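Indexing begins at 1, ligand by ligand and atom by atom, following the structure's order. Quick caveat, the model's predicted, so the values are computed rather than measured. All values below come from the heavy atoms of this structure, side chains included, with hydrogens, waters and symmetry mates left out.
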Amino acid sequence: MKNTHLVAATPATIARAAQILRDGGLVAFPTETVYGLGANALDESAVAKIFAAKERPSFNPLIVHVADIEAAHNVLLAWPERAQALAKAFWPGPLTLVLPKAAHVPARVTAGLPTVAVRAPAHPIAQAMLQAAGIPIAAPSANLFTQISPTQAEHVWKSLGERADLILDGGASPVGIESTVLSLAEASPILLRPGTISRAQIEAVIGPIEVLSQTRTDEAPRLSPGMLERHYAPRAETRRFAAHQQNHAQRLAAQFMARGQRIGVLYQSTLIAGTQHPIKMPDRPDEYAQQLYAALHTLEDTGCDLILIEAVPDDAAWSSVHDRLQRASQALDVA
Ligand code: TXA
Ligand code: MG
């Protein structure tokens with residue numbers, strides 16, 4: 001039954017979650033970014049359960065969650081000055097650092113890489129659970145491979161059901177998209193995944209960094225195996241359109257309408273007429289990010305055959321949202 005697996009986070013259920021984790025089980029829990037599916041990062045068979053539950057390919061490494069800097073040391077070989085400066089500035093929070101791993105971190109966590117990704121989440125429920133468990137927790141987003149990331153406990157239930165031994169409900173995740181991932185394991189720092197902690201914020205602390213997608217395309221699979229992942233493979237055809245392509249988007253919508261199919265739209269200023277599920281998205285990038293995955297889940301739940309998404313600006317303030325939309329949708333074919 002649903003309610004034995006999905007429970008409100010309270011001191012008692014958090015204590016139960018910590019015990020399940022210490023016993024090698026799987027717990028889905030809220031973080032400020034998205035919900036994670038956690039297991040004891042130092043227990044190889046517990047970590048294997050994450051890959052099985054998510055149907056995630058084994059080449060895609062996991063992020064290890066810790067309560068604080070002190071706990072991070074335990075999974076790392078070294079803690080360079082840049083890591084200290086960034087952790088002091090942004091932890092606990094949505095910044096993941098990739099560093100050389102300690103020997104006792106199982107290869108299954110890191111997909112055989114000599115490095116491990118580590119972050120201290122800011123969410124009070126995640127913090128309480130990590131402190132109660134007293135072990136590092138490996139946790140990818142708590143969804144089946146290629147599905148939309150979960151920002152609410154109900155999204156986790158919909159995707160994983162009883163595959164998690166327990167789902168802690170902590171309400172909607174306040175950030176809404178996955179953490180910024182920064183490698184400190186190469187000669188110079190490289191941004192592997194954009195997030196709400198921006199390139200400019202990082203550079204203000206440690207100076208110039210590289211951006212994987214701009215400088216190292218040939219090395220991308222080695223440096224960031226997970227970025228090959230297609231993050232969202234909806235049943236619906238999902239297309240991005242720019243405001244000036246409104247007529248083309250309208251024409252595509254008309255084809256679907258003529259077949260009696262359902263259409264959802266995420267838009268900011270450009271409404272497509274006659275669609276069943278228009279969702280007006282916020283004008284501010286932080287608010288847009290917070291609502292994006294929930295909006296996609298809503299459209300998926302309503303059984304849309306076509307999802308049209310108005311493109312967001314391709315500039316620094318929107319870079320993390322822009323990145324997620326590029327992964328979730330294809331550009332409109334404009335003849
Ligand atoms: O906000 C988040 O980061 C969420 C919450 C649950 O903390 N987690 C998350 O995990 O998004 P996941 O598994 O969906 O994404 C992990 C990303 C992948 O792109 C993966 O390739 C990268 O982190 N990663 C993990 N370990 C790595 C490593 N050793 N080197 C390079 N990239 C790594
Ligand atoms: Mg994910």
Q.
Distance under 4.0 Å to a non-hydrogen atom of Ser179: what atoms of ligand 1 satisfy this?
A. 1 (O), 2 (C), 3 (O)
Name each donor-acceptor pair under 3.5 Å that joins a side chain in residues 73-91 to protein atoms two or more places apart or in another chain, with its distance.
{"unit_1": "Trp79", "atom_1": "NE1", "unit_2": "Gln84", "atom_2": "OE1", "d": "2.6"}
{"unit_1": "Trp91", "atom_1": "NE1", "unit_2": "Leu95", "atom_2": "O", "d": "2.9"}

Q.
Heavy atom to atom 10 (O) of ligand 1, shortest distance: which of Pro94, Pro140, Gly36 holds it?
A. Pro140
Q) Any N/O/S atom, backbone or side chain, of Ser141 lying under 2.8 Å from the Mg ion (ligand 2)? A) yes
Q) Looking only at side chains, do Gln127 and Gln131 share a donor and an acceptor under 3.5 Å apart? A) yes
Q: List every atom of ligand 1 that sits less than 4.0 Å from any heavy atom of Leu192, numbering the atoms from 1 in the order shown and giving each element.
A: 31 (C), 32 (N)
Q: Answer with yes or no whether the side chains of Thr96 and Arg193 bring together a donor and an acceptor at under 3.5 Å.
A: no
Q | Pair Arg16-Gln19, side-chain donor/acceptor within less than 3.5 Å | A | no
Q: Could you pull out, from Ser141, Pro100, Ala138, the option with a heavy atom nearest to atom 14 (O) of ligand 1?
A: Ser141
(Q) If the cut-off is 4.0 Å to any non-hydrogen atom of Thr115, which atoms of ligand 1 fall inside it? (A) 28 (C), 29 (N), 30 (N)
Q) Pro189 and Pro208: which non-hydrogen atoms are nearest, and at how many Å? A) CD-O, 4.5 Å
Q: Please work out whether any backbone atom (N, CA, C, O) or any side-chain heavy atom from C-beta onward of Leu62 is under 4.0 Å from ligand 1, and answer side chain, backbone, both or neither.
A: backbone
Q. Near Leu223, which atoms of ligand 1 are under 4.0 Å from a heavy atom of that residue?
A. 30 (N), 31 (C), 32 (N)
Q | Flag side-chain contact, heavy atom, 4.5 Å: Ile135 against Leu42 | A | no
Q | Backbone or side-chain N or O of Arg119 under 3.5 Å from ligand 1 N or O | A | yes
Q: Over all heavy atoms of both residues, which pair between Gln268 and Glu310 is shortest? Give the atoms and the distance, please.
A: N-OE1, 2.8 Å
Q. Is ligand 1 under 4.0 Å from a heavy atom in the side chain of Thr110, in the backbone, in both, or in neither?
A. neither
Q. Is Tyr35 close to ligand 1, meaning an N/O of one under 3.5 Å from an N/O of the other?
A. no
(Q) Regarding Asp301 and Lys158, does a basic nitrogen lie under 4.0 Å from an acidic carboxylate oxygen? (A) yes
Q: Check each heavy atom of Lys101 against ligand 1 and say whether those closer than 4.0 Å belong to the side chain, the backbone, both or neither.
A: neither
Q) Considering only heavy atoms, does Arg222 approach ligand 1 within less than 4.0 Å through its side chain, its backbone, both, or neither? A) neither
Q | Any His65 heavy atom less than 4.0 Å from ligand 1 | A | yes
Q. Where do Val116 and Val105 come nearest, in terms of heavy atoms and distance?
A. CG2-CG1, 4.3 Å
Q: Heavy-atom contacts with Leu113 under 4.0 Å: which atoms of ligand 1 show up? List them by number with element.
A: 28 (C), 29 (N), 30 (N)
(Q) Is it the case that the side chains of Tyr267 and Gln246 hold a donor-acceptor pair, with the cut-off being a distance below 3.5 Å and no angle test? (A) no
